[in-house]
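Order of the sequence lines fixes the chain letters, A, B, ..., with proteins taken first and strands second; residue numbering starts at 1 for each chain. Note that the coordinates shown come from a computational prediction; the quantities given were computed from them, not determined experimentally.
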Number of protein chains: 2
Amino acid sequence: MKFESQPSYSLGQRTPASREVAVGENGGNVTLVSQSALGAINRGRVLQALYDNGPKSRADLARLAGVNRTTITGIVQPMIEDQLLIEGDASPSDVKGGKPARPLYFNPDAPMLGAVLLLPGTIQTCLVALTGEIKAVAKAEFDTHGDTEAFIAVMTETLTATLSQAQQAPFGIGVASAGMIDSDNGTILTVNLAPVLTGLPLVAILQERFSLPVAIDHHPRALLVGDRWFGPGRGQQNFAAVYTGEVLGGAFFIDGKVYRGLAGSGGELGHTVVQIDGAPCNCGKHGCWETVAALPWLRKEAARMGLPHPKSITCARLVKEADEGSNAAEELLVRYTRNVAFGIVNLQQTLSLNSYVLHGDVAGGGMKAAELIRQHVEQLVVKRPGQEISITVNGIGEGHTALRGAAGLVLSSHLKLVI
Amino acid sequence: MKFESQPSYSLGQRTPASREVAVGENGGNVTLVSQSALGAINRGRVLQALYDNGPKSRADLARLAGVNRTTITGIVQPMIEDQLLIEGDASPSDVKGGKPARPLYFNPDAPMLGAVLLLPGTIQTCLVALTGEIKAVAKAEFDTHGDTEAFIAVMTETLTATLSQAQQAPFGIGVASAGMIDSDNGTILTVNLAPVLTGLPLVAILQERFSLPVAIDHHPRALLVGDRWFGPGRGQQNFAAVYTGEVLGGAFFIDGKVYRGLAGSGGELGHTVVQIDGAPCNCGKHGCWETVAALPWLRKEAARMGLPHPKSITCARLVKEADEGSNAAEELLVRYTRNVAFGIVNLQQTLSLNSYVLHGDVAGGGMKAAELIRQHVEQLVVKRPGQEISITVNGIGEGHTALRGAAGLVLSSHLKLVI
DNA sequence: AGCAGTTAGTTTGTACCTCGCACAAACTTA
DNA sequence: TAAGTTTGTGCGAGGTACAAACTAACTGCT
């Protein structure tokens, strides 16, 4: 299946294969900004402002961006003509007098984004509208230890089933995957529980089959992007997403952009050390954060303390049992959230992002878990005048955040938001 | 003392008091890029490319930046006319044939930068040429528990003594200070050992007295900038500077710019936790990195192990004694460097910068200490295909790196390098 | 009803920046 | 001496944002 290319301002335009500059020395990656690039940048920023702030009139956008109204008109008009944006009804506005503003927002019928969530053994695909709406969900399973060709066949089939339901060619495809991902080169490095994926150049494969821009990143970073575009991180310029469950991971939104680190390897928080020479970890080291703040620790402690059904313990159940009066559950919950807090404290001391969105198991603990973690963090962080730290949970519709985030990856990486 | 303003392209031009946009919602800090800003940005990038790569011809710069040669000429010509840059002698070049290139570099007689290093009890000031050369050093002492006015008087006097030796008005003044600094607002929040500085709006004060752009940041970040402009970080796009001594601190250069975090509070690594419920720390918590990788720990362990003169132990002496055959020194050195490594490992797992420059006590341990740390880090980090981690020391001329870094702060913050 | 005041969005002309092309200058090689 | 190569400089084209002036639409006062 092939799709036609996009309109001239193109959400999905690929970067022009960054010229090979071989003057070398030490990399020498200075790049000047050209006039034409400038247009693309500003178009991207206007779109992001619309995402971040909801429907807004041209005049509002101009004020928001600190530019002339005419500039906004120039940027926005072609998008309206291409039906990416639509002009809402003239709202009477809150101020008295004056011509009523016409709010602009994304056309619900504009092209959508393809999204893939790749976890060991399962593929989930869907279409995501620019408004965050999810459609055409499809699921499939694959043999984690099987043949690469077989996996690619299943993947292509599932994705085709989803994409074919789109009215128009999607802007692109975003993939969120478990494991270690090289997002620069678009390859899956390793997925512990799915060896079939090792070394798979998935971006190249999908780009070739579907002729669309494709972006890939690891699961926590997709959650981050999902939070940023459609969740509690909307409009924020600095925050982190933290995932806890069988493993721990994180991702950062710094100064208005997704932080990836070299080859996309930033945010592997599970194996930061919080207990020198502590308990052994799967990674072969000792005292990793993962050894004290992930589900295996929780199960082990629940068993040790004699809590019921320790093998299936979750933060959600812990909160429930604590609320029902179990002192043991309360005590374990406090210790668990404190252990989680240490990782956030270290992040805070290092990056000072001040805002954290929790996913996965602790998110299942809801407000109560978040508040406990916030208290621990507050207590453990070196105080700084005027600093407020916010901890939010985004556990509801877990899978949807990851899928929306996968879709958002395409937006983030192909809308040149930052130079 | 007042100085005249700078030429039109102005290295030291202040940002035009970022328009007050009161549309609010959630900050709404989208900013579009204007035409004129673009010019300033590209001028800044060309200058940075010159810094990073040394003298280069227009043609080389054009290749380096991936732009047209004429563009470089347009940017560079006014700077030559204003004597900021000078054209070197035509070098025969390595390639065969063709008109020889005229390398461009900074004019040694161009305006300099004022630099201040502020440590508890002492002020050090100097002038730094764009080439990194240091001139007109002045020192003074102040009463750490005294009167604010008295401190300001000493500071002004010392700085005036230095600045008055400049041939031309400096581009600006950069301040590196111990303690907790709010670099956004240009105030010193707290310096534990110098209460007189608490809450001091130093940037505003100096800006008023000297009518020059002033930038302030904390000591580790100045080291980072010093490394970046004039040291081992030159030309690098991603690296961290780590300082160890009585306290620990760090700073990051991420994607070609200095990372500050909100209100400049990023990089307070000393109080990241590496030992939950470990030894008590000055900050009131337990198991901070500072409790196992700073000098107090080293002294305590040296005493416990019966090493000679434990109160004045340093990494440098430890290396020396180990080289002379002391098994105890060797053993302590290994443990010390391992403890230092844990902090770097956590940084690496979090940000994946791959390159670390050490300052302070461990830097005194030279290559041997660096190599030991590198080995520990290598062993403790989760391996990733193709990843190389570099550990460098920059202990020589410690004070000079901080002063050069202070000067570089002005360049970094007032050369709008990133949009 | 009419007019002033206010805000939104558009039209028009201007300034600025980068790019591609053409060309002179300077040097090497045959 | 001629051909080839590289550097650096004019000049016009194309694209972008901005300022000023204009029209459109609505409120409120007389």
Between C1' of C:dC17 and CD1 of B:Ile41, the distance in whole Å: 12 Å
Atom-to-atom span, CG of B:Leu104 to C1' of D:dT7 - whole angstrom: 12 Å
Atom-pair distance (CE on B:Met79; P on D:dG8), nearest Å: 16 Å
Atom-to-atom span, CG of B:Leu61 to C1' of D:dT6 - whole angstrom: 16 Å
N/O (side chain, A:Thr73) to phosphate O (OP1/OP2, C:dG9) under 4.0 Å: no
Any A:Arg102 side-chain N or O less than 4.0 Å from OP1/OP2 of C:dT7: no
Separation of D:dT9 P from B:Glu81 CD (nearest whole Å): 10 Å
NZ/NE/NH1/NH2 to OD/OE distance under 4.0 Å, B:Arg260 and B:Asp184: no
OP1 or OP2 of C:dT10 under 4.0 Å from side-chain N/O of A:Thr70: no
C:dG9 OP1/OP2 closer than 4.0 Å to side-chain N/O of A:Arg58: yes
Presence of A:Gln77 side-chain N/O under 4.0 Å of C:dT10 phosphate oxygens OP1/OP2: yes
Minimum-distance nucleotide (side-chain atoms of A:Ser57 versus C:dG9, C:dC27, D:dG8): C:dG9
Phosphate contact (C:dC19 OP1 or OP2) by B:Thr71 side-chain N/O below 4.0 Å: yes
Protein-nucleotide distance (B:Ile72, atom CD1; D:dG10, atom P), rounded to Å: 16 Å
Aromatic plane relationship, B:Tyr51 with B:Phe106 - under 30° parallel, 30 to 60° tilted, over 60° perpendicular: tilted
Partner of A:Asp60 by side-chain hydrogen bond (donor to acceptor under 3.5 Å, both in side chains), out of A:Arg58, A:Lys56, A:Arg63: A:Arg63
B:Asn68 side-chain N/O to C:dT18 phosphate OP1/OP2 under 4.0 Å: no
Interatomic distance where CZ belongs to A:Arg63 and P belongs to D:dC18 [whole Å]: 15 Å
Under 4.0 angstrom between B:Asn42 side-chain N/O and C:dT18 OP1 or OP2: yes
Residue whose nearest DNA chain C nucleotide is more 5′ - B:Arg69 or B:Ile75: B:Ile75
Rounded distance (nearest 0.5 Å) linking atom OH of A:Tyr105 with atom CD1 of A:Ile86: 10.5 Å
Separation of B:Ser355 OG from B:Asp227 CG (nearest 0.5 Å): 9.5 Å
